[in-house]
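What follows is a set of notes on a single structure, which appears directly below.
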Amino acid sequence: MTTSVTLIRGDGIGPEISDATLRILAAAGAQLEFDEQIAGLAAVEREKDPLPPHTIESIERTRVALKGPLATPKGEGYRSVNVALRQHFDLYANVRPVRTLAGVPSRYTGVDLVVVRENTEDIYAGIEHYVGPGRMAAESIAVITRHGSERIVRWALEYARREQRKRVTLVHKANILKYSNGLFLDVGREVAKQFPDVAFDDAIVDACAMQLVKDPTKLDVIVTTNLFGDILSDLCAGLVGGLGVAPGANLGKDAAIFEAVHGTAPDIAGKGIANPTAMVLAAATLCDHVGQRDVAQRVRSAVYDALASDGERTRDLGGTADTATFTAAVCRRIAHP
Ligand code: NAD
(Lines give C-alpha, C1' and ligand atoms only; values in the text may rest on other atoms or scores of the structure.)
Protein backbone atom coordinates (compact mmCIF):
# COMPACT_ATOMS: atom_id res chain seq x y z
CA MET A 1 0.00 0.00 0.00
CA THR A 2 1.31 3.44 -0.91
CA THR A 3 1.75 5.91 1.96
CA SER A 4 1.39 9.68 1.51
CA VAL A 5 4.33 11.66 2.83
CA THR A 6 4.81 15.44 2.92
CA LEU A 7 8.13 16.40 1.32
CA ILE A 8 9.92 19.66 2.13
CA ARG A 9 13.14 19.85 0.14
CA GLY A 10 14.50 22.69 2.29
CA ASP A 11 17.13 25.39 1.79
CA GLY A 12 20.86 25.36 0.97
CA ILE A 13 21.93 21.78 0.24
CA GLY A 14 18.34 20.63 0.97
CA PRO A 15 17.22 20.27 -2.67
CA GLU A 16 20.42 18.37 -3.63
CA ILE A 17 20.23 15.85 -0.80
CA SER A 18 16.44 15.52 -1.24
CA ASP A 19 16.89 14.59 -4.90
CA ALA A 20 19.50 11.98 -3.93
CA THR A 21 17.20 10.60 -1.23
CA LEU A 22 14.21 10.32 -3.58
CA ARG A 23 16.33 8.51 -6.15
CA ILE A 24 17.54 6.01 -3.55
CA LEU A 25 14.02 5.47 -2.15
CA ALA A 26 12.70 4.81 -5.66
CA ALA A 27 15.53 2.35 -6.35
CA ALA A 28 14.66 0.49 -3.13
CA GLY A 29 11.00 0.21 -4.17
CA ALA A 30 9.56 2.47 -1.47
CA GLN A 31 5.77 2.71 -1.78
CA LEU A 32 5.61 6.41 -0.97
CA GLU A 33 3.65 9.17 -2.66
CA PHE A 34 5.09 12.62 -1.97
CA ASP A 35 3.06 15.77 -1.45
CA GLU A 36 5.66 18.45 -2.06
CA GLN A 37 5.41 21.57 0.10
CA ILE A 38 7.67 24.51 0.96
CA ALA A 39 8.95 26.13 4.15
CA GLY A 40 11.91 28.25 5.26
CA LEU A 41 13.65 30.67 2.91
CA ALA A 42 12.11 29.07 -0.18
CA ALA A 43 8.67 29.86 1.25
CA VAL A 44 9.65 33.40 2.28
CA GLU A 45 10.84 34.08 -1.27
CA ARG A 46 7.72 32.65 -2.91
CA GLU A 47 4.97 33.41 -0.40
CA LYS A 48 6.52 35.77 2.18
CA ASP A 49 5.70 33.23 4.88
CA PRO A 50 8.33 30.80 6.25
CA LEU A 51 5.66 28.29 7.21
CA PRO A 52 2.64 28.60 4.89
CA PRO A 53 -0.71 27.18 6.07
CA HIS A 54 -0.82 24.67 3.15
CA THR A 55 2.43 23.11 4.42
CA ILE A 56 0.95 22.67 7.89
CA GLU A 57 -2.27 21.29 6.37
CA SER A 58 -0.34 18.75 4.32
CA ILE A 59 1.45 17.38 7.42
CA GLU A 60 -1.85 17.36 9.31
CA ARG A 61 -3.21 15.15 6.53
CA THR A 62 -0.25 12.81 5.93
CA ARG A 63 1.06 12.83 9.54
CA VAL A 64 4.51 11.95 8.15
CA ALA A 65 7.07 14.31 6.61
CA LEU A 66 10.53 14.06 5.10
CA LYS A 67 12.25 17.40 5.51
CA GLY A 68 15.46 18.93 4.24
CA PRO A 69 17.24 21.51 6.41
CA LEU A 70 15.70 24.98 6.72
CA ALA A 71 17.66 28.21 7.12
CA THR A 72 16.97 30.40 10.13
CA PRO A 73 18.70 33.79 10.09
CA LYS A 74 20.46 34.51 13.40
CA GLY A 75 19.12 37.16 15.77
CA GLU A 76 15.84 38.96 16.15
CA GLY A 77 12.68 38.97 14.06
CA TYR A 78 12.72 35.45 12.63
CA ARG A 79 11.51 32.47 14.60
CA SER A 80 12.98 29.08 13.68
CA VAL A 81 10.64 27.17 11.37
CA ASN A 82 12.06 23.91 12.76
CA VAL A 83 11.11 24.88 16.29
CA ALA A 84 7.69 26.10 15.10
CA LEU A 85 7.02 22.76 13.34
CA ARG A 86 8.06 20.75 16.40
CA GLN A 87 5.84 22.84 18.65
CA HIS A 88 2.85 22.94 16.28
CA PHE A 89 2.79 19.15 15.92
CA ASP A 90 3.93 18.55 19.50
CA LEU A 91 6.83 16.41 18.24
CA TYR A 92 8.19 15.93 21.72
CA ALA A 93 10.79 13.24 21.06
CA ASN A 94 13.83 14.05 18.96
CA VAL A 95 15.67 10.79 18.40
CA ARG A 96 19.20 10.76 17.05
CA PRO A 97 21.05 7.43 16.76
CA VAL A 98 24.85 7.63 16.66
CA ARG A 99 26.84 4.67 15.32
CA THR A 100 30.36 4.06 14.09
CA LEU A 101 30.10 3.22 10.39
CA ALA A 102 32.64 1.03 8.62
CA GLY A 103 34.82 3.08 6.30
CA VAL A 104 33.89 6.43 7.84
CA PRO A 105 36.94 7.96 9.50
CA SER A 106 36.23 8.56 13.19
CA ARG A 107 38.04 8.72 16.51
CA TYR A 108 36.36 5.67 17.99
CA THR A 109 35.11 2.24 17.05
CA GLY A 110 32.14 0.46 18.57
CA VAL A 111 30.05 3.57 19.26
CA ASP A 112 26.33 2.75 19.30
CA LEU A 113 24.29 5.21 21.30
CA VAL A 114 21.02 7.09 20.93
CA VAL A 115 20.31 10.64 22.04
CA VAL A 116 16.65 11.20 22.97
CA ARG A 117 16.14 14.94 23.24
CA GLU A 118 13.05 16.64 24.65
CA ASN A 119 11.92 18.72 21.73
CA THR A 120 9.29 21.23 22.85
CA GLU A 121 10.29 22.82 26.17
CA ASP A 122 13.32 24.24 28.00
CA ILE A 123 15.04 27.39 26.80
CA TYR A 124 13.61 26.73 23.30
CA ALA A 125 10.06 27.51 24.48
CA GLY A 126 10.54 30.90 22.77
CA ILE A 127 9.97 33.07 25.87
CA GLU A 128 12.56 35.84 25.46
CA HIS A 129 12.58 39.58 26.02
CA TYR A 130 14.82 42.56 26.65
CA VAL A 131 14.91 44.19 30.05
CA GLY A 132 15.43 47.88 30.74
CA PRO A 133 16.16 50.78 28.41
CA GLY A 134 18.66 50.39 25.57
CA ARG A 135 18.53 46.58 25.67
CA MET A 136 20.39 46.64 28.99
CA ALA A 137 19.77 42.94 29.50
CA ALA A 138 17.95 40.05 27.91
CA GLU A 139 16.09 37.15 29.46
CA SER A 140 15.36 33.73 27.95
CA ILE A 141 13.15 31.57 30.11
CA ALA A 142 13.56 27.80 30.32
CA VAL A 143 10.25 26.06 30.89
CA ILE A 144 10.31 22.45 32.04
CA THR A 145 7.06 20.76 32.99
CA ARG A 146 6.22 17.58 34.84
CA HIS A 147 4.14 16.46 31.82
CA GLY A 148 6.97 17.14 29.33
CA SER A 149 9.58 15.42 31.48
CA GLU A 150 7.36 12.44 32.20
CA ARG A 151 6.56 11.65 28.57
CA ILE A 152 10.11 12.03 27.20
CA VAL A 153 11.69 9.86 29.90
CA ARG A 154 8.90 7.30 29.43
CA TRP A 155 9.54 7.36 25.66
CA ALA A 156 13.27 6.69 26.23
CA LEU A 157 12.62 3.85 28.68
CA GLU A 158 10.04 2.20 26.40
CA TYR A 159 12.44 2.54 23.49
CA ALA A 160 15.27 0.98 25.53
CA ARG A 161 13.03 -1.91 26.52
CA ARG A 162 11.77 -2.47 22.94
CA GLU A 163 15.22 -2.24 21.36
CA GLN A 164 16.91 -4.22 24.15
CA ARG A 165 19.34 -1.42 24.95
CA LYS A 166 21.62 -1.70 27.95
CA ARG A 167 20.92 1.49 29.92
CA VAL A 168 19.17 4.85 29.92
CA THR A 169 21.15 7.81 31.30
CA LEU A 170 19.23 10.98 32.15
CA VAL A 171 21.46 13.99 31.51
CA HIS A 172 20.78 17.24 33.41
CA LYS A 173 22.24 20.20 35.30
CA ALA A 174 20.17 19.79 38.46
CA ASN A 175 23.08 20.81 40.69
CA ILE A 176 22.82 24.41 39.39
CA LEU A 177 19.37 24.69 37.74
CA LYS A 178 17.70 23.31 40.83
CA TYR A 179 14.12 24.04 39.84
CA SER A 180 13.87 23.32 36.10
CA ASN A 181 16.47 20.54 35.87
CA GLY A 182 15.70 19.39 39.41
CA LEU A 183 12.12 18.72 38.29
CA PHE A 184 13.32 16.89 35.16
CA LEU A 185 15.56 14.65 37.27
CA ASP A 186 12.97 13.98 39.99
CA VAL A 187 10.26 13.09 37.47
CA GLY A 188 12.72 10.94 35.50
CA ARG A 189 13.60 8.93 38.60
CA GLU A 190 9.90 8.43 39.41
CA VAL A 191 9.15 7.17 35.89
CA ALA A 192 12.21 4.89 35.89
CA LYS A 193 10.83 3.04 38.93
CA GLN A 194 8.07 1.76 36.63
CA PHE A 195 10.75 0.11 34.43
CA PRO A 196 12.65 -2.17 36.83
CA ASP A 197 13.93 -4.22 33.89
CA VAL A 198 15.75 -1.22 32.29
CA ALA A 199 19.00 -0.01 33.87
CA PHE A 200 18.75 3.72 34.63
CA ASP A 201 21.17 6.30 35.95
CA ASP A 202 21.84 10.03 35.60
CA ALA A 203 24.76 12.29 34.79
CA ILE A 204 25.48 16.00 34.97
CA VAL A 205 25.77 17.40 31.44
CA ASP A 206 29.36 18.66 31.70
CA ALA A 207 30.60 15.33 33.09
CA CYS A 208 28.62 13.54 30.40
CA ALA A 209 30.25 15.69 27.67
CA MET A 210 33.68 14.73 29.01
CA GLN A 211 32.71 11.06 29.19
CA LEU A 212 31.47 11.15 25.59
CA VAL A 213 34.76 12.57 24.38
CA LYS A 214 36.88 10.19 26.49
CA ASP A 215 34.98 6.97 25.79
CA PRO A 216 31.57 7.16 24.10
CA THR A 217 31.12 3.38 24.21
CA LYS A 218 30.31 3.75 27.93
CA LEU A 219 26.96 5.41 27.09
CA ASP A 220 23.91 3.77 25.58
CA VAL A 221 20.62 5.75 25.55
CA ILE A 222 20.84 9.38 26.67
CA VAL A 223 17.61 11.20 27.55
CA THR A 224 17.95 14.91 28.11
CA THR A 225 16.43 18.37 27.92
CA ASN A 226 16.12 20.36 24.69
CA LEU A 227 19.26 22.54 24.82
CA PHE A 228 21.58 19.83 26.16
CA GLY A 229 20.19 17.37 23.62
CA ASP A 230 20.84 19.81 20.79
CA ILE A 231 24.47 20.26 21.81
CA LEU A 232 25.24 16.67 22.81
CA SER A 233 23.77 15.19 19.63
CA ASP A 234 26.06 17.33 17.43
CA LEU A 235 28.97 16.37 19.69
CA CYS A 236 28.00 12.70 19.23
CA ALA A 237 27.73 13.15 15.45
CA GLY A 238 31.32 14.43 15.53
CA LEU A 239 32.44 11.26 17.31
CA VAL A 240 31.37 9.03 14.43
CA GLY A 241 32.40 11.02 11.37
CA GLY A 242 30.41 14.24 11.40
CA LEU A 243 27.05 15.75 10.60
CA GLY A 244 26.97 14.23 7.13
CA VAL A 245 26.03 10.82 8.54
CA ALA A 246 23.69 11.78 11.42
CA PRO A 247 19.95 11.19 10.92
CA GLY A 248 17.16 12.37 13.21
CA ALA A 249 13.47 11.81 13.82
CA ASN A 250 10.97 14.15 15.48
CA LEU A 251 8.15 12.07 16.90
CA GLY A 252 4.82 12.97 18.47
CA LYS A 253 1.49 11.29 19.07
CA ASP A 254 -0.08 12.61 15.86
CA ALA A 255 2.80 13.24 13.46
CA ALA A 256 6.44 12.46 12.71
CA ILE A 257 9.05 14.48 10.80
CA PHE A 258 12.25 12.82 9.61
CA GLU A 259 15.33 14.88 8.77
CA ALA A 260 19.11 15.08 8.91
CA VAL A 261 20.66 16.54 12.06
CA HIS A 262 22.73 18.99 10.01
CA GLY A 263 21.70 22.37 8.66
CA THR A 264 21.63 23.94 5.21
CA ALA A 265 25.45 23.95 4.83
CA PRO A 266 25.49 27.29 2.97
CA ASP A 267 29.26 26.98 2.39
CA ILE A 268 28.79 24.04 0.00
CA ALA A 269 25.22 24.61 -1.27
CA GLY A 270 24.79 24.31 -5.03
CA LYS A 271 28.19 22.67 -5.55
CA GLY A 272 26.89 19.11 -5.85
CA ILE A 273 29.25 17.81 -3.17
CA ALA A 274 26.93 17.47 -0.14
CA ASN A 275 26.75 14.12 1.59
CA PRO A 276 23.15 12.87 1.41
CA THR A 277 23.74 10.01 3.91
CA ALA A 278 22.07 11.67 6.92
CA MET A 279 18.86 12.43 5.03
CA VAL A 280 18.85 9.00 3.36
CA LEU A 281 19.19 7.28 6.75
CA ALA A 282 16.42 9.53 8.12
CA ALA A 283 14.26 8.41 5.17
CA ALA A 284 15.04 4.78 6.05
CA THR A 285 13.71 5.43 9.57
CA LEU A 286 10.62 6.95 7.94
CA CYS A 287 10.16 3.71 5.98
CA ASP A 288 10.36 1.75 9.27
CA HIS A 289 7.81 4.14 10.76
CA VAL A 290 5.27 3.52 7.98
CA GLY A 291 5.80 -0.25 8.08
CA GLN A 292 8.10 -0.60 5.03
CA ARG A 293 10.85 -2.35 6.96
CA ASP A 294 12.26 -4.30 4.02
CA VAL A 295 12.76 -1.05 2.08
CA ALA A 296 14.46 0.52 5.11
CA GLN A 297 16.78 -2.45 5.40
CA ARG A 298 17.68 -2.37 1.69
CA VAL A 299 18.48 1.34 1.88
CA ARG A 300 20.60 1.01 5.04
CA SER A 301 22.62 -1.96 3.78
CA ALA A 302 23.38 -0.22 0.49
CA VAL A 303 24.41 3.01 2.25
CA TYR A 304 26.66 1.17 4.73
CA ASP A 305 28.28 -0.82 1.89
CA ALA A 306 28.88 2.30 -0.19
CA LEU A 307 30.38 4.15 2.80
CA ALA A 308 32.71 1.21 3.43
CA SER A 309 33.98 1.31 -0.13
CA ASP A 310 36.95 3.50 -1.04
CA GLY A 311 36.13 5.88 -3.86
CA GLU A 312 32.44 6.19 -3.00
CA ARG A 313 32.62 8.38 0.11
CA THR A 314 31.95 12.12 -0.14
CA ARG A 315 34.53 14.78 0.70
CA ASP A 316 33.30 15.51 4.24
CA LEU A 317 34.30 11.88 4.99
CA GLY A 318 37.72 12.22 3.36
CA GLY A 319 36.59 10.75 0.02
CA THR A 320 36.42 12.19 -3.48
CA ALA A 321 32.87 11.33 -4.56
CA ASP A 322 30.30 14.02 -5.25
CA THR A 323 26.60 13.73 -4.36
CA ALA A 324 25.68 12.15 -7.71
CA THR A 325 28.50 9.56 -7.59
CA PHE A 326 27.63 8.47 -4.06
CA THR A 327 23.91 8.31 -4.90
CA ALA A 328 24.58 6.21 -8.00
CA ALA A 329 26.78 3.87 -5.93
CA VAL A 330 24.00 3.35 -3.37
CA CYS A 331 21.41 2.72 -6.12
CA ARG A 332 23.75 0.23 -7.81
CA ARG A 333 24.15 -1.67 -4.54
CA ILE A 334 20.39 -1.76 -4.04
CA ALA A 335 19.98 -3.26 -7.53
CA HIS A 336 22.85 -5.74 -7.00
CA PRO A 337 23.13 -6.39 -3.23
P1 NAD B 1 25.36 23.16 9.13
O2 NAD B 1 25.00 21.84 9.71
O3 NAD B 1 24.54 23.62 8.00
O4 NAD B 1 26.91 23.14 8.66
C5 NAD B 1 27.99 22.90 9.55
C6 NAD B 1 29.20 22.37 8.74
O7 NAD B 1 28.93 21.00 8.36
C8 NAD B 1 29.44 23.12 7.45
O9 NAD B 1 30.82 23.20 7.22
C10 NAD B 1 28.80 22.25 6.38
O11 NAD B 1 29.39 22.36 5.10
C12 NAD B 1 28.99 20.85 6.94
N13 NAD B 1 27.90 19.96 6.52
C14 NAD B 1 26.64 19.92 7.06
N15 NAD B 1 25.91 19.01 6.42
C16 NAD B 1 26.70 18.45 5.47
C17 NAD B 1 26.49 17.43 4.48
N18 NAD B 1 25.31 16.81 4.34
N19 NAD B 1 27.52 17.12 3.66
C20 NAD B 1 28.72 17.72 3.80
N21 NAD B 1 28.97 18.68 4.71
C22 NAD B 1 27.97 19.05 5.54
O23 NAD B 1 25.31 24.23 10.35
P24 NAD B 1 25.30 25.83 10.33
O25 NAD B 1 26.26 26.33 9.28
O26 NAD B 1 25.48 26.22 11.74
O27 NAD B 1 23.82 26.22 9.92
C28 NAD B 1 23.43 26.67 8.61
C29 NAD B 1 21.93 26.96 8.62
O30 NAD B 1 21.20 25.72 8.86
C31 NAD B 1 21.46 27.94 9.70
O32 NAD B 1 20.50 28.81 9.12
C33 NAD B 1 20.80 27.07 10.75
O34 NAD B 1 19.78 27.73 11.45
C35 NAD B 1 20.22 25.95 9.87
N36 NAD B 1 19.99 24.66 10.57
C37 NAD B 1 18.87 23.96 10.23
C38 NAD B 1 18.64 22.71 10.80
C39 NAD B 1 17.39 21.97 10.39
O40 NAD B 1 16.70 22.37 9.48
N41 NAD B 1 17.07 20.88 11.04
C42 NAD B 1 19.56 22.17 11.69
C43 NAD B 1 20.73 22.90 12.00
C44 NAD B 1 20.93 24.15 11.43
Side-chain angles (χ1 to χ4, degrees), residues 6-21 24 37-45 50-51 55 59 65-87 89 91 94-96 101 104-105 115 117 119 124 126 226-227 229-251 256-283 285 303 306-307 312-327 330:
T6 302
L7 171 70
I8 300 169
R9 287 179 194 263
D11 302 316
I13 58 169
E16 301 161 53
I17 59 173
S18 296
D19 285 350
T21 304
I24 290 168
Q37 297 289 336
I38 49 172
L41 280 190
V44 171
E45 278 160 20
L51 189 53
T55 299
I59 302 173
L66 179 62
K67 187 182 86 56
L70 300 173
T72 305
K74 293 187 182 80
E76 244 186 300
Y78 206 116
R79 196 148 175 255
S80 161
V81 178
N82 294 310
V83 174
L85 276 172
R86 290 165 193 172
Q87 287 179 347
F89 290 101
L91 305 173
N94 184 276
V95 185
R96 297 177 168 184
L101 299 169
V104 174
V115 180
R117 161 189 173 194
N119 218 10
Y124 289 30
N226 206 339
L227 176 64
D230 195 3
I231 298 168
L232 289 183
S233 55
D234 270 32
L235 185 159
C236 289
L239 297 173
V240 296
L243 287 169
V245 295
N250 301 285
L251 308 172
I257 300 182
F258 299 84
E259 63 180 343
V261 169
H262 63 71
T264 58
D267 50 337
I268 57 166
K271 295 186 178 160
I273 57 171
N275 183 355
T277 299
M279 190 171 183
V280 174
L281 293 178
T285 316
V303 167
L307 288 174
E312 291 176 7
R313 285 186 290 275
T314 45
R315 292 176 203 190
D316 55 311
L317 304 179
T320 53
D322 57 16
T323 313
T325 312
F326 177 77
T327 306
V330 174

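Counting starts at 1 for both ligands and their atoms, following the listed order. The shown structure was predicted, so the numbers you read here are calculated from the model rather than taken from an experiment.
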The side chain to side chain donor-acceptor pair (under 3.5 Å) partners of Asp316 (sequence neighbours excluded) come to Asn275, Thr314

Hydrogens and angles aside, do Ser233 and Arg96 bring a side-chain donor and acceptor to less than 3.5 Å of each other? yes

Checking Asn119 against Tyr124: is there a side-chain donor and acceptor pair closer than 3.5 Å? no

Just heavy atoms, cut-off under 4.0 Å: does Asn275 contact ligand 1 by side chain, backbone, both, or neither? both

Say whether Ala265, considering both its backbone and side-chain N or O atoms, lies within less than 3.5 Å of an N or O atom on ligand 1. yes

Does any donor atom in the side chain of Asn250 or Lys67 lie under 3.5 Å from an acceptor atom in the other side chain? no

Which is it for Val95 and Arg117 under the side-chain contact (heavy atoms from CB on, under 4.5 Å) test, yes or no, and what are the steps along the way? CA-CA 6 Å; Val95 185; Arg117 161 189 173 194; over 6 Å; no

For Pro266, the ligand 1 atoms whose distance to one of its heavy atoms is below 4.0 Å: 28 (C)

Give the atom numbers and elements of ligand 1 that come within less than 4.0 Å of a heavy atom of Asn82. 37 (C), 38 (C), 39 (C), 40 (O), 41 (N)

The option among Leu70, Asp230, Leu317 carrying the non-hydrogen atom nearest to atom 37 (C) of ligand 1 is Leu70

For ligand 1, is there an atom lying under 4.0 Å from some heavy atom of Val261? yes

Please name all residues satisfying side chain to side chain donor-acceptor pair (under 3.5 Å) with Gln87, sequence neighbours left out, ordered by chain then number. Arg79

Return yes when Leu243 approaches ligand 1 closer than 4.0 angstrom through a heavy atom, no otherwise. yes

Of all the atoms in ligand 1, which lie at a distance below 4.0 Å from a heavy atom belonging to Ala71? 32 (O)

Under 3.5 Å between some N or O of ligand 1 and some N or O of Gly263? yes

Residue part near ligand 1, for Thr264, under 4.0 Å between non-hydrogen atoms: both

Hey, does the side chain of Thr21 reach the backbone of Ile17 with a donor-acceptor pair shorter than 3.5 angstrom? yes

Among the heavy atoms of Lys67, does any lie under 4.0 Å from an atom of ligand 1? yes

Within the 4.0 Å heavy-atom cut-off, what Glu259 brings close to ligand 1 is side chain

Please determine whether a side-chain nitrogen of the Lys or Arg among Arg9 and Glu259 lies less than 4.0 Å from a carboxylate oxygen of the Asp or Glu. no

